[in-house]
Q: 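One structure, as structure tokens, below. Some questions next.
Order of listing sets the numbers, starting from 1, for every ligand and every atom in it.
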Amino acid sequence: DSVVPSSKVPIKDVNECITCHICKGYIIDATTIVECCHSFCHSCIVPHLRTKEYCPKCELIINKTKPNIKPDATFQAIVYKLVPGLYEKELLRRRNFYETRPEEAKLA
Ligand SMILES: [Zn+2]
Ligand SMILES: [Zn+2]
């Protein structure tokens, strides 16, 4: 008998793909390096690329002056779908963040 692939992927098998290599948490505001297709949190990869010119995961050299990164809404939707409660948690975190910093809420 051949094994029928299950459509339900165990969370531990996908954790590797949906975890940010920089902060080790689940990826928030997924941003993907186009050259190697690795994704990170926006707030993690942007400061990283200010000082370094390689992918934190595979160490592929990328163009520092004009890093080829793109926001990845599709990927982020997958992360939120795979991690129950993550989206609500992030919304709450943002609300708390802006409540304590009303001056930044105005800029957002
Ligand atoms: Zn991160
Ligand atoms: Zn990479």
Q: Can you tell me if OH on Tyr87 sees more than 12 non-hydrogen neighbours from other groups inside 6.0 Å?
A: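 Open: at most 12 neighbouring heavy atoms sit under 6.0 Å from OH of Tyr87.
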
Q: For a distance under 2.8 Å, give residue and atom name for each protein N, O or S atom next to the Zn ion (ligand 2).
A: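 You should have found Cys36 SG, His38 ND1, Cys55 SG, Cys58 SG.
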
Q: In this structure, would Ile45 and Leu60 fall into the same cluster of hydrophobic residues linked by side-chain contacts under 4.5 Å?
A: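 Linked within one cluster.
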
Q: So, are Glu99 and Arg95 salt-bridged, with charged N and O less than 4.0 Å apart?
A: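 No salt bridge links Glu99 with Arg95.
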
Q: Honestly curious: do Ile22 and Val79 fall in one hydrophobic cluster under the side-chain, below-4.5 Å linking rule?
A: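 No, Ile22 and Val79 fall in different hydrophobic clusters.
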
Q: If you count every heavy atom of other residues, nucleotides or ligands that lies below 6.0 Å from Lys70 atom NZ, does the total exceed 12?
A: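 It does: Lys70 NZ has more than 12 such atoms within range.
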
Q: Have a look at the Zn ion (ligand 1) and estimate, to 10 degrees, the angle subtended by SG (Cys44) and SG (Cys41).
A: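 The two atoms form an angle at the metal of about 110°.
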
Q: Give a yes-or-no answer on whether the side chains of Asn63 and Thr65 include a donor-acceptor pair shorter than 3.5 Å.
A: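 Present: a donor and an acceptor within the cut-off.
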
Q: When you look at NZ of Lys57, are more than 12 heavy atoms from neighbouring residues, nucleotides or ligands closer to it than 6.0 Å?
A: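 For Lys57, atom NZ is crowded (more than 12 foreign heavy atoms under 6.0 Å).
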
Q: Backbone or side chain, does His21 get an N/O/S atom under 2.8 Å to the Zn ion (ligand 1)?
A: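 No, His21 does not qualify, because none of its backbone or side-chain N, O or S atoms lies under 2.8 Å.
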
